[in-house]
**Student:** 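Take a look at the following structure, please.
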Protein chains: 2
Amino acid sequence: MSTRGAASGVVIELSAAIVAVSDEAPKILLVRPPEAILQSGLPCGPFDPAGHRTLEEGLRTWVEEQTTLHLGYVEQLYTFGDRFRDPQERAGGPRPVSVGYLALVRQISTKDTGESAWGDWYRYFPWEDWRDGPPPILDSLIAPHLEAWVDDANTKPDRNRRQERINLAFGFGGGAWDNERVLDRYELLYEAGMVAEASLDVGREPPAGLAGVLPHTGAVLIKDHRRILATALGRLRAKIKYRPLIFELMPPTFTLFQLQRAVEALSGGRLHKQNFRRLVAHEGLVEPTGHISGQTGGRPAELFRFRREVVHERPAPGVRVPVRVSKRGG
Amino acid sequence: MSTRGAASGVVIELSAAIVAVSDEAPKILLVRPPEAILQSGLPCGPFDPAGHRTLEEGLRTWVEEQTTLHLGYVEQLYTFGDRFRDPQERAGGPRPVSVGYLALVRQISTKDTGESAWGDWYRYFPWEDWRDGPPPILDSLIAPHLEAWVDDANTKPDRNRRQERINLAFGFGGGAWDNERVLDRYELLYEAGMVAEASLDVGREPPAGLAGVLPHTGAVLIKDHRRILATALGRLRAKIKYRPLIFELMPPTFTLFQLQRAVEALSGGRLHKQNFRRLVAHEGLVEPTGHISGQTGGRPAELFRFRREVVHERPAPGVRVPVRVSKRGG
DNA sequence: CCTATATATGCTCAATTTAAGTATAAGTTT
DNA sequence: AAACTTATACTTAAATTGAGCATATATAGG
């Protein structure tokens with residue numbers, strides 16, 4: 001009836017999805033743990049209740065040790081505790097509970113050493129990048145195999161539930177693609193056995209019918225780090241719309257087009273250029289510096305900086321980009 | 001440089017903020033733990049890695065045991081792990097890490113037994129209820145004592161930082177009241193020693209100057225449960241705007257005015273009635289049942305039900321109530 | 001029945017915001 | 001110089017929002 005008794009055999013792991021934007025691409029910082037020969041993972045480490053005053057402090061300590069990178073903006077994402085997310089657990093290890101964090105850094109300051117390296121975010125989620133239109137993999141591979149997974153369910157209500165979920169997550173059957181539902185989509189692919197972790201986690205070979213799919217559904221990370229990454233991307237895509245997070249990723253001054261490219265890199269779609277400028281100007285998110293950019297192609301652009309005061313003026317300052325991405329098949 | 005080593009002395013506690021709306025008031029379910037003579041708290045219990053397959057399953061188990069209530073909608077909020085949030089820890093107990101959840105139930109089905117009881121949410125956050133205009137306590141008590149706390153800081157930059165934070169959180173100095181920043185406000189009051197937990201947690205008497213304030217800054221809950229509650233209210237206020245969560249709290253059919261009252265109860269402000277109807281109708285959130293309500297006062301109202309299909313049609317279906325509440329002093 | 005009062009619901013109207021352009025300016029590349 | 005890039009100003013129609021008026025249908029009290 002109360003909080004008597006104590007849990008045992010729990011270990012808390014802190015993991016960080018560290019994001020930067022460079023070359024118009026969203027990047028994520030990865031480390032290659034010594035014990036894993038093949039796969040890399042997010043910077044992470046166990047929470048030490050004796051040494052760490054707070055969870056976030058523990059995370060910062062681990063990250064600085066593993067990447068020699070100092071984190072600025074940090075935000076807690078989610079705590080994952082499902083059984084058997086880590087194969088080690090089957091061998092009698094303690095139950096790992098992992099607290100995932102999202103961190104944003106302004107520029108890529110670490111070199112790609114053997115220890116850590118920046119990777120393109122969409123390497124892990126190829127279906128999330130709609131900047132050049134709907135990713136072909138959706139129609140060629142994902143849709144048919146998900147349909148097969150629907151048919152695979154035993155009962156009619158089960159099939160309906162599955163169909164319902166994939167329609168919602170992927171916008172099949174007339175719905176719209178919602179760029180924030182990154183985690184929903186990843187979890188469906190996981191349940192359908194269409195990402196490699198699904199088989200790795202249960203220690204089995206992937207079913208024959210899916211062996212041809214797995215090489216195309218993104219690169220694998222250790223444990224549940226790809227799930228944490230999916231959570232991070234979803235959160236970030238949602239939050240840039242109502243908080244000025246994007247400026248945590250930009251240099252101190254930037255052109256409006258650079259800003260637009262950064263937003264597009266994260267949100268995975270294209271924006272109407274003229275309306276984008278009007279938007280950020282009208283919301284008071286930026287102010288001109290009076291300086292002109294070292295140009296890249298055409299007419300030189302004016303340099304802008306983030307207007308910090310905006311957080312006082314508006315309840316939800318952010319780049320309120322239209323939620324819609326170009327329709328599927330259109 | 002990796003995930004070697006294991007933490008020890010950690011116990012994970014699962015806590016639920018269970019919300020219902022009745023009599024136009026938001027309610028929260030509380031239990032009175034046997035060992036605490038004076039204070040009640042949220043339903044909670046330790047996570048058992050051997051018995052609980054997932055964190056959420058553990059939570060549901062504890063809640064059903066403590067409240068004989070079956071939870072419908074459940075969502076994870078945040079994981080709290082700061083040192084010394086629980087006084088027990090100073091006595092050498094293990095480091096408690098608590099995972100907070102938000103749960104929504106449709107009606108109040110448990111009776112108020114000695115074990116559990118429904119309490120008005122705003123009993124714990126009197127400054128959050130703006131339905132009858134700005135709460136007087138803001139100007140009479142909170143503002144002056146927060147100003148004193150600003151002056152209390154040692155250095156000028158510290159004072160500026162504090163002033164900045166309270167301006168943002170409370171909308172002082174010309175800013176607007178953002179009804180979602182519930183946690184920011186609670187944490188500031190905590191840091192300023194203006195809620196009773198602040199002194200309880202460090203095991204000291206409250207400073208003389210604040211003794212008169214504490215009886216008016218809301219009722220106390222055990223451990224950090226009021227912080228979890230603040231997180232829950234903030235999340236709920238934010239989320240009803242873009243997800244149809246409000247219907248998890250409504251009976252199967254309802255009048256539009258009942259729906260409006262429920263939204264007002266949670267968001268803590270008043271809405272324009274005609275525009276509210278237009279909004280929910282135009283967003284396709286509800287559909288008429290054709291039946292007429294057993295009326296309460298004036299002309300009988302039509303009964304509506306939630307249109308589940310709406311989640312397919314719009315990327316962010318929710319009651320997009322205007323973020324603004326009536327201006328302070330206006 | 002008549003009146004006051006409460007709620008429900010339909011409708012207007014102006015201001016603002018949004019989506020999607022056209023047009024023009026000012027550079028670089030060939 | 002012509003072709004091409006990128007930047008920026010401006011237009012226009014449609015949609016949304018905020019505020020309020022007007023009317024309908026009930027109850028309660030004289």
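By convention in this document, chain letters (A, B, ...) are assigned in the order of the sequence lines, proteins followed by strands, and residues within each chain are numbered from 1.
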**Student:** OP1 or OP2 of C/dT9 less than 4.0 angstrom from a side-chain nitrogen or oxygen of B/K273, does that happen here?
**Tutor:** no
**Student:** Taking atom types as they are modelled, is there a donor-acceptor pair under 3.5 Å from the base of C/dT22 to the side chain of A/Q274?
**Tutor:** yes
**Student:** In whole Å, I'd like the distance from the CD atom of B/Q258 to the P atom of C/dT9.
**Tutor:** 11 Å
**Student:** Tell me the interatomic distance from A/R320, atom CZ, to D/dT16, atom P, rounded to whole angstroms.
**Tutor:** 15 Å
**Student:** Does B/R278 get its side chain close enough to the base of C/dG10, under 3.5 Å, for a donor-acceptor pair?
**Tutor:** no
**Student:** Counting side-chain heavy atoms from C-beta on, which of D/dT8, D/dA7, D/dT17 comes nearest to B/L279?
**Tutor:** D/dT17
**Student:** Starting at CZ of A/R299 and ending at C1' of C/dG27, how long is that distance when rounded to a whole Å?
**Tutor:** 9 Å
**Student:** In whole Å, I'd like the distance from the CZ atom of B/R270 to the P atom of D/dG20.
**Tutor:** 17 Å
**Student:** Salt-bridge test for B/R261 and B/E264: reply yes if a basic N is under 4.0 Å from a carboxylate O, no otherwise.
**Tutor:** yes
**Student:** Under the side chain to side chain donor-acceptor pair (under 3.5 Å) test, which residues partner A/E248, sequence neighbours left out?
**Tutor:** none
**Student:** Nearest-Å distance, CD1 (B/I292) to P (D/dA26)?
**Tutor:** 9 Å
**Student:** Of B/F257 and B/N275, whose nearest nucleotide on DNA chain C comes first from the 5' end?
**Tutor:** B/F257
**Student:** So A/W127 and A/F125, would you call those rings parallel, tilted or perpendicular, with 30° and 60° as cut-offs?
**Tutor:** perpendicular
**Student:** Whole-Å distance between D/dT6 P and A/L259 CG?
**Tutor:** 17 Å
**Student:** Give the nucleotide from the list D/dA7, C/dG27, C/dA8 with an atom nearest to the side chain of A/P300.
**Tutor:** C/dG27
**Student:** Is it true that B/E24 and B/R131 make a salt bridge, defined as a side-chain N closer than 4.0 Å to a carboxylate O?
**Tutor:** no
**Student:** Reading DNA chain D from 5' onward, which residue's closest nucleotide shows up sooner: B/H272 or B/H282?
**Tutor:** B/H282
**Student:** Quick one: which of A/N179, A/L245, A/V21 gives a side chain to side chain contact (heavy atoms under 4.5 Å, CB included) with A/L266?
**Tutor:** A/V21
**Student:** What is the distance from CZ of B/R277 to P of D/dG20, rounded to the nearest Å?
**Tutor:** 18 Å
**Student:** Tell me: CG of A/L271 to C1' of D/dA7, nearest whole Å?
**Tutor:** 16 Å
